[in-house]
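Input: a single structure, listed below in structure tokens.
Small disclaimer: the values here were computed from a predicted structure and weren't measured. The chain is numbered in sequence order, starting from 1. Every number for a ligand or one of its atoms is a count from 1 in the order of the listing. What's counted below: heavy atoms across the whole structure, side chains too, no hydrogens, waters or symmetry copies.
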Amino acid sequence: MQNFSYWNPSRIIFGKGTMSEVGKETAKWGKKVLFHFGGGSIKKNGVFDAVTASLKDAGLQIVYLGGVVPNPHLSLVREGIELCKKEHVDFVLAVGGGSVIDSAKAIAFGAKLPASQDVWNDYYMKADYTIAEALPLGVVLTIPAAGSESSTGSVITDAEHGLKRAVNSETLISKFAVMDPQTNYSLPAYQTACGASDILAHLQERYFTTVEHNDLSDRLLEACMRNVITNAPLALQYPDEYRYRAELMWTGTIAHNNLLDRGRVGDWATHDIEHELSALYDIAHGAGLAILFPAWMRYVHKVDIDRFVQYATRVWNVDLPLSDKEGIIEEAILRLQAFYKRIGMPTTLADAGIPGDKLRFMAENAFVGERTHLGNFQKLYVGDVEKIYRLAL
Ligand code: NZQ
Ligand code: ZN
């Protein structure tokens, strides 16, 4: 286990009826709120009205900015930054999923940048940066998936140039996240499944490490993976059943609040490889991960066969003779693919209607900027990334 420091100050306010607490929590940090949201699901399921009422009850002023799309666009971020400056907003509230939260994070730190700096060119496109300050941020989460409600990350798409890039900073961790699993009842089945796939991916990215003797994290990650594998099909079968929604929602937060990768180094190549897919084809992030994770596993598993055998036996209950480790690993990957299929995820590029004619282009695009390699379990270069796309055809 490596040395580590862990700090995550995001207050999680979880459960039925918790949306009424948004106003009180927000009033601890600001007076004039940018209420940032997506394409309108919150107007249909009552979340918009409930949050507005709570903010007004707390005597807060509200500036609305909707229209965030999945794979959120840089253009709206720029609009939000200008709006915050013009309206003297002092708090940003994201009401929605990962896309809304990530857009809100970009606005929150973009609004504090000096005129000489640009949110995209000086941060998202750089390998080395420090985000010094940001407007305080709160979250009302409506979909368990990205984990952005208490993560350090924000992922934004420059649609004009077909680039999707992330920043990470403790400065971007939310002050609070209100999470009522009842808000998830209105999720389309496909979005529920994409969310489950993303949560599982965050656990797998952390699981596949070359750092040894980090057993507690292994065990916690395995428990979380099994919890997703059990509860995602149940949430799809019984969409209004609170307990399954609650299990997924809490696991989604734990999977990505950095608790589970202390003392180890996660991989993250599959995420970076997926971001090219969603940048070019606007596919949902969770669906892209379902296509690519099995391909990545087949490509890199030889780096540490025993780690993959542990994953196969503890997570997927593969019970084959230890003399056939390759067979054990392939069986686990097949079970992972069967899980994706069961919840309605595509498992090949063809399933998602993505042609194979831009694999080299996407692989090269992944290195635009200052990246030297992708991943840590095995360092990947352009040729490797192209081969992984090819394995996913
Ligand atoms: O826009 P609206 O109308 O709200 O509809 C959304 C959207 O169409 C809908 N939705 C959300 N909650 C709903 C609902 N529909 C009905 N009822 C509800 N309660 O779901 C659709 C998808 O929303 P989105 O926010 O895009 O989903 P998700 O949370 O999966 O976020 C995906 C984004 O997060 C990034 C991804 O790359 C992607 O851009 N990620 C962010 C991370 C981070 N910041 O730490 C880490 C992740 O690995 C990920 O990369
Ligand atoms: Zn993800």
Side-chain angles (χ1 to χ4, degrees), residues 8 10 19 36-48 50-51 66-74 76-77 94-106 124 137 139-159 164-169 172-174 177 179-206 235 239-240 245 248-249 252-253 255-258 266-279 282-290 292-293:
N8 192 320
S10 185
M19 265 188 298
H36 200 34
F37 62 102
S41 69
I42 61 165
K43 292 201 170 160
K44 291 190 202 128
N45 62 12
V47 170
F48 182 91
V51 173
V68 179
V69 292
N71 303 319
H73 288 177
L74 174 64
L76 191 67
V77 167
V95 186
S99 296
V100 173
I101 303 166
D102 287 0
S103 182
K105 286 176 174 174
Y124 288 87
L137 170 91
V139 171
V140 177
L141 183 67
T142 62
I143 169 173
S148 187
E149 63 274 11
S150 67
S151 81
T152 52
S154 161
V155 193
I156 298 293
T157 297
D158 175 356
K164 187 173 182 185
R165 290 291 184 271
V167 291
N168 274 283
S169 167
L172 300 182
I173 297 176
S174 71
M179 297 168 46
D180 182 343
Q182 295 173 115
T183 62
N184 305 162
Y185 295 168
S186 59
L187 278 169
Y190 185 72
Q191 291 300 340
T192 298
C194 286
S197 168
D198 195 15
I199 296 168
L200 186 58
H202 294 161
L203 298 161
Q204 292 179 154
E205 296 280 20
R206 291 178 163 89
D240 297 347
R245 296 291 190 182
L248 281 182
M249 208 174 199
T253 300
H256 206 44
N257 70 357
N258 287 348
D267 184 67
W268 300 103
T270 312
H271 263 70
D272 288 335
I273 298 171
E274 192 294 311
H275 287 161
E276 296 311 316
L277 268 194
S278 34
D282 206 19
I283 185 177
H285 173 62
L289 290 166
L292 292 169
F293 237 114

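At least one N/O-N/O distance between G39 and ligand 1 falls below 3.5 Å. Any N or O atom pair closer than 3.5 Å counts here, and S148 shares at least one such pair with ligand 1. The shortest N or O to N or O distance between P188 and ligand 1 is not below 3.5 Å. Residue-to-ligand polar distances keep K105 apart from ligand 1: every N/O pair is separated by 3.5 Å or more. The N/O atoms of G40, backbone and side chain alike, include one that comes under 3.5 Å of an N/O atom in ligand 1. For ligand 1, none of its N or O atoms has an N or O atom of P70 under 3.5 Å away.
Around the Zn ion (ligand 2), protein N, O or S atoms at less than 2.8 Å number 4.
Ligand 1 lies out of reach of E274, whose nearest heavy atom is not under 4.0 Å from it. Ligand 1 has S154 within reach: a non-hydrogen atom of the residue lies less than 4.0 Å from it.
Between L203 atom CG and H256 atom NE2 the span is 10.5 Å, to the nearest 0.5 Å. Interatomic distance, N184 CG to L248 CG, rounded to the nearest 0.5 Å: 8.0 Å. In this structure, CG on D267 lies 11.5 Å from CZ on R206, to the nearest 0.5 angstrom. Between E205 atom CD and F293 atom CZ the span is 4.0 Å, to the nearest 0.5 Å. Put simply, OG1 on T142 and CE on M179 are 11.0 Å apart, with the number rounded to the nearest 0.5 Å. Considering CD1 of I156 and OG of S154, their distance stands at 4.0 Å, rounded to 0.5 Å.
Within ligand 1, the atoms closer than 4.0 Å to a non-hydrogen atom of D198 are 47 (C), 48 (O), numbered from 1 in the order shown. Atoms of ligand 1 lying under 4.0 Å from at least one heavy atom of T183, given by number and element, are 19 (N). When each atom of ligand 1 is checked for a heavy atom of G38 under 4.0 Å away, the hits are 1 (O). Near P72, meaning under 4.0 Å from one of its heavy atoms, ligand 1 places the atoms 39 (O). Listed by number with element, the atoms of ligand 1 under 4.0 Å from a non-hydrogen atom of N45 are 17 (N), 18 (C), 19 (N). Near G97, with a cut-off below 4.0 Å to any heavy atom, the atoms of ligand 1 are 25 (O), 29 (O). Near S151, the atoms of ligand 1 lying under 4.0 angstrom from a non-hydrogen atom of the residue are 43 (C), 44 (N), 45 (O).
Contacts between I101 and ligand 1 below 4.0 angstrom, taking non-hydrogen atoms only, are absent altogether. With a 4.0 Å cut-off on non-hydrogen atoms, K44 does not touch ligand 1 at all.
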With side chain to side chain donor-acceptor pair (under 3.5 Å) as the criterion, how do K164 and S278 come out once you've worked through the C-alpha distance, each side chain's angles and the decisive distance to 0.1 Å? CA-CA 8 Å; K164 187 173 182 185; S278 34; 3.3 Å; yes

Worked check of side chain to side chain donor-acceptor pair (under 3.5 Å) between T157 and N71: CA-CA 6 Å; T157 297; N71 303 319; 5.2 Å; no

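Looking at E205, K164, H256, it is K164 that brings a heavy atom closest to atom 37 (O) of ligand 1. Compare S186, A146, A279, S278 by their heavy atoms: the one nearest to atom 34 (O) of ligand 1 is in A146. Checking G46, S99, G288, A94 against atom 24 (P) of ligand 1, the nearest heavy atom belongs to S99. Of the candidates I143, I156, L187, L187 brings a heavy atom nearest to atom 13 (C) of ligand 1. Nearest to atom 15 (N) of ligand 1 by heavy-atom distance, out of S41, A255, G67, G252, is S41.
Nearest protein heavy-atom contact of atom 12 (N) of ligand 1 is T142 OG1, 2.8 Å. Summary of contacts: the protein heavy atom closest to atom 41 (C) of ligand 1 is D102 OD2, 3.0 Å. At the top of the distance list for atom 49 (C) of ligand 1, counting protein heavy atoms only, stands H285 NE2, 3.4 Å. Closest to atom 30 (O) of ligand 1 among all protein heavy atoms lies A145 CB, 3.4 Å. The protein heavy-atom contact nearest to atom 28 (P) of ligand 1 is G98 N, 3.6 Å. Closest to atom 47 (C) of ligand 1, if we only count protein heavy atoms, is H202 NE2, 3.4 Å.
Within the 4.0 Å cut-off (strictly below), a protein heavy atom is located near atom 22 (C) of ligand 1.
Here the closest heavy-atom approach between residue I101 and residue G96 is recorded as CD1-O, 4.3 Å. Between G98 and A146, the shortest heavy-atom contact is CA-CB, 3.9 Å. For L137 against A104, the heavy-atom pair with the smallest separation is CD1-CB, 3.6 Å. Nearest heavy-atom pair across Y124 and A166 is CD2-C, 3.9 Å.
Under the salt bridge (charged side-chain N to carboxylate O under 4.0 Å, His left out) criterion, E276 pairs with R165, sequence neighbours left out.
One N or O on the side chain of N8 and one on the backbone of N257 form a donor-acceptor pair closer than 3.5 Å. A donor-acceptor contact shorter than 3.5 Å is absent between the side chain of Q191 and the backbone of I143. The backbone N or O of V155 lies less than 3.5 Å from a partner atom in the side chain of D102, making a donor-acceptor pair. One N or O on the side chain of S174 and one on the backbone of E149 form a donor-acceptor pair closer than 3.5 Å. Between the K105 side chain and the S148 main chain, a donor and an acceptor come within less than 3.5 Å of each other.
For the pair V167/L172, a side-chain contact is recorded, criterion being any heavy-atom separation below 4.5 Å from C-beta on.
Looking at T183 and R245, their side chains never bring a donor and an acceptor atom within 3.5 Å of each other.
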